[in-house]
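Heads up, the thing below is written out as structure tokens.
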Amino acid sequence: MSVAIKAVRGVHDILPADTPRWQRVEATARRVFEAHGYHEIRPPIFERTELFARGIGELTDIVQKEMYTFEDKGGESLTLRPEATASVLRAYVEHGLHVQPKPVRLYTIGPMFRYERPQAGRYRQFHQLNLEAVGEVHPGLDAEVIAVLMELFQGVGLADRLTLALNSIGDPACRPAYREKLVEYLRRRAAELCQECRERAERNPLRVLDCKKPGCQPVLDEAPSILDALCRECAEHFAHVRRYLEAMALPYRVTPRLVRGFDYYVRTTFELLTGELGAQNAVAGGGRYDGLVQLLGGPPDPGIGFAVGMERVVLLLSSDSNKAGPLALLIPLGDAALLRLFPVAQAVRKQGAVVELGYGVRRLRSELDRANRLKVPYAVIVGESELEKGEALIREMTSGAQRVVPLSRLEGELMTLAGRR
RNA sequence: GUGAGCGUAGCUCAAUUGGUUAGAGCACUGGACUGUGGCUCCAGGGGUUGAGGGUUCAAUUCCCUUCGCUCACCCCA
């Protein structure tokens, strides 16, 4: 025997025991998204490396060390997408979707790839639901997008186990000034910060704010808040978003220290948080990205969107989903009976009933045993004597009651039973 | 990339200070029971003990390397 090949590190098979949960989440997402006027788009899962470098930001961790980048045979540098927004917006620009009435509402579902050490709720290939609304600056759109997100989680029954964290991180008009103020503050209290925060204070000061080390907390608690430093436009935008959310009775928690990992975010940012997933507490995250479309070579269209981590959602969902098994096991005894039952099985399957067909080689006892373990409600027995008389036995498994039906009417009988289920 | 813990059958786990042929339950297949299931009993298939090397008369057990898993850091969905 040769050595078995195993799956690559950080990726995983989604087995039949789990796929019902995945399907439930996907179906709910499609229903909710479509109900709000969003349409599916399916971009490729790899792109020119430059798209992500430009879109996500050269200096982000994702671009610097987490991308699956390779050269194709033509010598071009390609990258498996680490996130979907850049691809969706690239397609938006490339195919002129911006000529449609704004906002343009899009969503996509699929795998993402990041080269990270796997951990609870974190994988190298993982799956996201992505929703994007492009071409509108009005804060009503921010509220709409967040409302769609919340409705999705109400739909899968997780809304009350999650909290919505909301923040505004300003825009190019006000963030630089805040950044200066923050750096100044962090320098002043550098002695009280951990080594890493001290280094980051120079490189990427905003990220210092979400350091989880207890030692840093007091310093960060007293740090100047971005919300006090917003320019008038950003402050008004944020106030409106909050008012709309309140009008829809959507609870949220203002979290001035919420910072996100992509450079492109401006103004509104948000995350859906859980305490049930260890260190991976974000189930979904998103924000506004005015300026990104232009950065990617398109028109100056603003936009906002979010990503939902499917693995994390599925982990929160109980595995109670009991899939419906087959309606019946058809048991032929001998090849002649199998020849007679094959077309019947195909006919009812074509009409949507799920039946399993034996091959006529096992004993009746074993087949009934199998029917029992398959948990089918009915078994259909056709042996030599039935075949001679043109009959079939329909056995009701829980009671053991059997009745005789003509073989010619078996298909109809099965469909009646299927309808009753 | 850093750190810690763990790798024995498809699954959950045993195996004495290092000691003979690595076991059990569940699951799977068959039989007891010529064509009537759930219970019971019996049997069978399935393991390079993650891989490679070392110490030893002898390694699942001790040591090294490596791979993988898990958790945390980091980062994020």
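Here is the naming used below: chain letters follow the sequence lines, and residue numbers restart at 1 for every chain. The shown structure was predicted, so the numbers you read here are calculated from the model rather than taken from an experiment.
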**OP:** Examine the base of B:C71 for any acceptor or donor lying under 3.5 Å from a partner atom in the side chain of A:Arg122, and report the outcome as yes or no.
**Re:** no

Subject >> All stems with RNA chain B, defined as three or more consecutive Watson-Crick or G-U pairs under 3.5 Å >> reply: B:1-7 with B:67-73, B:10-13 with B:23-26, B:28-32 with B:40-44, B:50-54 with B:62-66

Subject >> Contacts of type ring pair (Phe, Tyr, Trp, His ring centres under 6.0 Å), residue A:Tyr38, not counting sequence neighbours >> reply: none

Subject >> By ring pair (Phe, Tyr, Trp, His ring centres under 6.0 Å) - contacts of A:His36 (at least two apart) >> reply: none

**OP:** Could you work out the separation of B:G38 and B:C26 based on their P atoms and round it to a whole Å?
**Re:** 15 Å

**OP:** Name the closest nucleotide to the A:Ala120 side chain, picking from B:G68, B:C71, B:G37.
**Re:** B:C71

Subject >> Phosphate-side-chain proximity, A:Arg363 and B:G37, N/O vs OP1/OP2 below 4.0 Å >> reply: no

Original post:
Looking only at N and O atoms, is any donor in the side chain of A:Glu386 or the base of B:G35 less than 3.5 Å from an acceptor on the other one?
Top reply: yes

Subject >> Lys/Arg-Asp/Glu bridge criterion (N-O < 4.0 Å) met for A:Glu34, A:Arg30 >> reply: no

Subject >> Which residues share a ring pair (Phe, Tyr, Trp, His ring centres under 6.0 Å) with A:Tyr359, sequence neighbours left out >> reply: none

Original post:
How close or far is atom C1' of B:G35 from atom CD of A:Glu391, stated in whole angstroms?
Top reply: 15 Å

Subject >> Cation over ring face, A:Arg124 and A:Tyr115, 6.0 Å, 45° >> reply: yes

Original post:
Does a nitrogen or oxygen in the side chain of A:Arg373 sit under 4.0 Å from OP1 or OP2 of B:G38?
Top reply: no

Subject >> B:G35 base / A:Ser385 side chain donor-acceptor hit below 3.5 Å >> reply: yes

Original post:
Under the 3.5 Å rule, do the base of B:G37 and the side chain of A:Asp369 count as making a donor-acceptor pair?
Top reply: no

**OP:** Between B:C74, B:C69, B:U36, spot the one nearest the side chain of A:Ile381, thanks.
**Re:** B:U36

Original post:
How far does the P atom of B:G52 sit from the matching atom of B:U60, given to the nearest Å?
Top reply: 12 Å

Subject >> A:Gln125 CD - B:C76 C1' separation (whole Å) >> reply: 16 Å

**OP:** Mind calculating the distance between CD (A:Gln119) and P (B:C74) to the nearest angstrom?
**Re:** 10 Å

**OP:** Return the orientation label for the A:His127 and A:Trp22 ring planes: parallel under 30°, perpendicular over 60°, tilted otherwise.
**Re:** perpendicular

Subject >> Inter-nucleotide C1' distance (B:C64, B:U70), Å rounded >> reply: 23 Å

Subject >> Heavy-atom donor-acceptor pair, A:Glu367 side-chain to B:U36 base, under 3.5 Å >> reply: no

**OP:** Identify whether any heavy atom of A:Arg114 sits under 4.0 Å from a base atom; if not, whether one sits that close to sugar-phosphate; answer base, sugar-phosphate or nothing.
**Re:** base

Original post:
Could you write nucleotides 2-12 of chain B as a row of B, S and -, 5' to 3', where a protein heavy atom under 4.0 Å of any base atom gives B, of only sugar-phosphate atoms gives S, and otherwise -?
Top reply: BB---------

**OP:** Decide, yes or no, whether a salt bridge links A:Asp171 with A:Arg175 under the criterion of side-chain N to carboxylate O below 4.0 Å.
**Re:** no

**OP:** Return the orientation label for the A:Phe113 and A:Tyr68 ring planes: parallel under 30°, perpendicular over 60°, tilted otherwise.
**Re:** perpendicular

Subject >> Any residue meeting side chain to side chain donor-acceptor pair (under 3.5 Å) with A:Arg349, in chain and number order, not counting sequence neighbours >> reply: A:Gln346

**OP:** Scan A:Gly334 against the nucleic acid and name what it touches under 4.0 Å (heavy atoms): base, sugar-phosphate only, or nothing.
**Re:** nothing

Original post:
Base, sugar-phosphate, or nothing: which does A:Arg395 touch, judged by heavy atoms less than 4.0 Å apart?
Top reply: base

